[in-house]
Chemist: 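Just dropping this structure here.
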Amino acid sequence: MKKLYYSAVIYTVLGLLAGIFHRELTKAQDFTAGTQLSVVHTHLLTLGTLFFLIAIALEKALCLSSGRFFNAFFWTYQAGLVLTTGIMTVHGTMTVLGRTAGPAISGPAGLGHILLTLALVFFFLCLHNRVRPGFTHSAGAERHPLP
């Protein structure tokens, strides 16, 4: 549960820093048009902070981390989110600075989204294995099937 908590904290800090970075860079460049940089803040806070806070609640209720797909979910999600938001930051910064982005940006962005999708598959496999009929929280506990 600690790594879920620390992930939520780290993504909160990164999300807030992304908001400050967007505001200060666009102000310094007198940039008023739209850019991907403007949504990095929201992506980090939603897909990072809020998602991991929900995962903490699910961990507390269902012991998600004891499932065999948990580590695959956790590390694939981390890689996908960092890659996706990192590329969004690079692309948005290039836009603000008046540079064009090419395939070197599109490829890693697509890979980040693929990793996030794969991680969500692992997450739902974790959930499925924990909410199936007859599930118990621990091997030694008496059976308390979920409704």
Chemist: Are any of the side-chain heavy atoms of Leu25 and Phe31 separated by less than 4.5 Å?
Modeler: no

Chemist: So, His91 side chain and Ile87 main chain: donor-acceptor pair closer than 3.5 Å or not?
Modeler: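 Not a single qualifying donor-acceptor pair exists.
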
Chemist: Can Ile56 be reached from Val13 by stepping across I, L, V, M, F, W or Y side chains whose heavy atoms are under 4.5 Å apart?
Modeler: no

Chemist: Given a cutoff of under 4.5 Å between side-chain heavy atoms of I, L, V, M, F, W and Y, with clusters grown through shared members, what are the other residues clustered with Leu45?
Modeler: none

Chemist: Could you verify whether a donor N or O on one side chain and an acceptor N or O on the other, from Thr95 and Gln36, lie under 3.5 Å apart?
Modeler: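 No, no side-chain donor-acceptor pair sits under 3.5 Å.
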
Chemist: I'd like to know if Leu47 and Leu118 are part of one continuous hydrophobic network [Ile/Leu/Val/Met/Phe/Trp/Tyr, side-chain heavy atoms within less than 4.5 Å].
Modeler: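 Yes, because Leu118 and Leu47 connect within a single hydrophobic cluster, where side-chain heavy atoms sit under 4.5 Å apart.
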
Chemist: Given the rule that I, L, V, M, F, W and Y join up when any side-chain heavy atoms are under 4.5 Å apart, are Phe70 and Leu58 in one cluster?
Modeler: yes

Chemist: What pair of heavy atoms forms the shortest contact from His22 to Leu37, and how long is it?
Modeler: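 Nearest pair, atom of His22 first, then Leu37: CD2-C, 3.7 Å.
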
Chemist: Could you tell me how the ring of Phe73 sits relative to the ring of Phe52: parallel (under 30°), tilted (30 to 60°) or perpendicular (over 60°)?
Modeler: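 Ring orientation, 0 to 90° scale: tilted.
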
Chemist: If you measure from CG on Leu120 to OG1 on Thr76, what distance do you get to the nearest 0.5 Å?
Modeler: 10.5 Å

Chemist: From Cys63 SG over to Met1 CE, what is the distance, rounded to the nearest 0.5 angstrom?
Modeler: 8.0 Å

Chemist: Rounded at 0.5 Å granularity, tell me how far CG in Leu14 sits from OG1 in Thr89.
Modeler: 9.0 Å

Chemist: List the steps and the verdict of side chain to side chain contact (heavy atoms under 4.5 Å, CB included) for Met88 and Leu44.
Modeler: CA-CA 11 Å; Met88 288 172 69; Leu44 286 167; over 6 Å; no

Chemist: How far does OG1 of Thr93 sit from CD of Gln29, to the nearest 0.5 angstrom?
Modeler: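 Nearest 0.5 Å value for the OG1-CD distance: 10.0 Å.
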
Chemist: Quick check on the hydrophobic clustering: are Val121 and Val131 connected, directly or via other members, by side-chain heavy-atom contacts under 4.5 Å?
Modeler: yes

Chemist: Are Leu127 and Leu4 joined in one hydrophobic group, where the rule is that I, L, V, M, F, W and Y side chains link up if heavy atoms are under 4.5 Å apart?
Modeler: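 Same cluster.
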
Chemist: Say whether, by atom type as modelled, one donor and one acceptor occur between the side chain of Thr46 and the main chain of His43 under 3.5 angstrom.
Modeler: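 Not a single qualifying donor-acceptor pair exists.
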
Chemist: Does one side chain, of Ser66 or Arg130, offer a donor that lies under 3.5 Å from an acceptor on the other?
Modeler: yes

Chemist: Which value, rounded to the nearest 0.5 Å, describes the distance between Ser7 atom OG and Leu53 atom CG?
Modeler: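 Here the rounded value is 10.5 Å.
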
Chemist: Which atoms form the tightest heavy-atom contact between Ala18 and Val40, and what is the distance?
Modeler: CB-CG1, 3.8 Å

Chemist: Over all heavy atoms of both residues, which pair between Pro103 and Pro108 is shortest? Give the atoms and the distance, please.
Modeler: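 That closest heavy-atom pairing would be O-CD, 4.2 Å.
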
Chemist: For Thr49, what residues pass the side-chain hydrogen bond (donor to acceptor under 3.5 Å, both in side chains) criterion, not counting sequence neighbours?
Modeler: Thr12

Chemist: Looking at side-chain heavy atoms only, is the closest gap between Tyr11 and Val82 below 4.5 Å?
Modeler: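 Touching, per the 4.5 Å side-chain cut-off.
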
Chemist: Looking at Phe74, Phe51, Trp75, which hits ring-ring contact (aromatic ring centres under 6.0 Å, His included) with Phe123?
Modeler: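 Exactly one option meets the ring-ring contact (aromatic ring centres under 6.0 Å, His included) with Phe123, and it is Phe51.
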
Chemist: What's the shortest heavy-atom distance between Thr42 and Ser38, and which atoms?
Modeler: OG1-O, 4.2 Å

Chemist: Run the side-chain contact (heavy atoms from CB on, under 4.5 Å) test against Leu116 and tell me which residues pass, sequence neighbours left out.
Modeler: Tyr77, Leu81, Thr84

